[in-house]
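What follows is a short report on a single structure.
If you read the sequence from its start, that first residue is 1, and numbering goes on from there. Counting starts at 1 for both ligands and their atoms, in listed order.
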Amino acid sequence: MEFMKTIAMRKSTRSYKSEQINDENLNTILTAGCAAPIGMGAYNAVHITVIQNPDMLARISKAIANLMGNPKANPLYSAPTLVIVSGKPNAKAPNIEIANASCIVENMTLAATNLNLGSVYVMGPVIVLNTDKELLKDLNLPEGFVPAAGLLLGHPTEALTKEEELKQTITLNTIK
Ligand SMILES: Cc1cc2nc3c(=O)[nH]c(=O)nc-3n(C[C@H](O)[C@H](O)[C@H](O)COP(=O)(O)O)c2cc1C
């Protein structure tokens, strides 16, 4: 897919089919994530967890819904895959784990779009994993790592479409 078309087609998908994404596509998406820039080149300070276990997805979804005060909410939109990017905080570079995770997530979401798959950056799982020790334990993170960003992946119930024009609502100033 032409690169700017992929950029224009990426948008947050909030409705998924139950069908799982295949491993080949998942590996392509993860490869794109692993190629992201990382502060100080510290690739060993980043860890990726892929969650496709329905029970664990249901527990995370329920925890987010409860936190939102709306037990009937479906904050993971029934997506069959949740990727959690975790990082090792560094006192000399505050929040670098979140910046690193965001770069990885953006690479992955563009790779997913290029495969006509749906994706959405989600913070809910990060918030509950950082507050619920039982859930966090099941992530089996290496020592010292904390969840920093989440990405849902799956087949969208409605095919992705190309925006006619790229959105430009962010204020922009060029100083020449
Ligand atoms: C840091 C970050 C956190 C986000 N968290 C959530 C979330 O928890 N749930 C959700 O549905 N969308 C979440 N989003 C998606 C945004 O709402 C979405 O990207 C934005 O509204 C623009 O829409 P678009 O992605 O369709 O272009 C998040 C996006 C970013 C960058």
| said: So, regarding V122 and ligand 1 (criterion: nitrogen or oxygen to nitrogen or oxygen, under 3.5 Å), is there a contact or not? | reply: no

| note | In ligand 1, the atoms that come under 4.0 Å of a heavy atom of S12 are 15 (C), 18 (C), 19 (O), 24 (P), 25 (O), 26 (O)

| Any side-chain heavy-atom pair from P75 and V122 closer than 4.5 angstrom? | no

| Looking just at side-chain N and O atoms, do S86 and E97 make a donor-acceptor pair shorter than 3.5 Å? | no

| remark: ligand 1 atoms nearer than 4.0 angstrom to some heavy atom of G124 are 8 (O)

| field | Distance filter under 4.0 Å to R10 heavy atoms, resulting ligand 1 atoms | value | 24 (P), 25 (O), 27 (O)

| query | Considering distance alone, does some N or O of K11 sit under 3.5 Å from an N or O of ligand 1? | reply | no

| Have S102 and Y121 got a donor and an acceptor in their side chains that come within less than 3.5 Å? | yes

| Any donor and acceptor pair, going by atom type alone, linking the side chain of T109 with main-chain N or O of E106 inside 3.5 Å? | no

| field | N114 side chain reached by R10 side chain, heavy atoms, under 4.5 Å | value | no

| remark: Y77 heavy atoms within 4.0 Å reach ligand 1 at atoms 9 (N), 10 (C), 11 (O)

